[in-house]
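For reference, the structure discussed in these notes is given below.
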Amino acid sequence: MRCILDLILAGLALGNVPEDDLRFVQDLGLVRMARAGGQEFSNPLYREMCCAPEHPPAASGANWSDHRTSC
């Protein structure tokens, strides 16, 4: 599943990903067919969540935007 999301984030073709994996992320509602073809996140919030760092900053007053990864 992560491979599919990473490819969509990178704007790359999915290539030969297993059909079951693609169906899984579609059934979860994470991705959908894009108008121009290919896949896209079905909700902009999902894209933001996939771009979030693995370990968000502690509640020490750190600014979340300072720790974001670029997408």
**Prompt:** Just wondering, do Leu5 and Phe41 contact through their side chains at under 4.5 Å, heavy atoms?
**Reply:** yes
**Prompt:** In terms of hydrophobic clustering (I, L, V, M, F, W, Y; side-chain heavy atoms under 4.5 Å; direct or indirect links), are Phe24 and Leu30 co-clustered?
**Reply:** yes
**Non-neighbouring partners of Glu40 that pass side chain to side chain contact (heavy atoms under 4.5 Å, CB included), sequence neighbours left out** = Arg32, Ala34
**Item:** With Asp21 via salt bridge (Lys or Arg N to Asp or Glu O under 4.0 Å) - residues at least two apart
**Value:** none
Enumerate, atom names and distances included, each donor-acceptor pair closer than 3.5 Å involving a side-chain atom of residues 7-17, sequence neighbours excluded.
none

**Request:** Mind listing the closest non-hydrogen atom pair of Ile4 and Leu22 along with its distance?
**Result:** CD1-N, 3.5 Å
**Asked** At what distance, to the nearest 0.5 angstrom, does CZ of Arg23 lie from CG of Leu28?
**Response** 12.0 Å
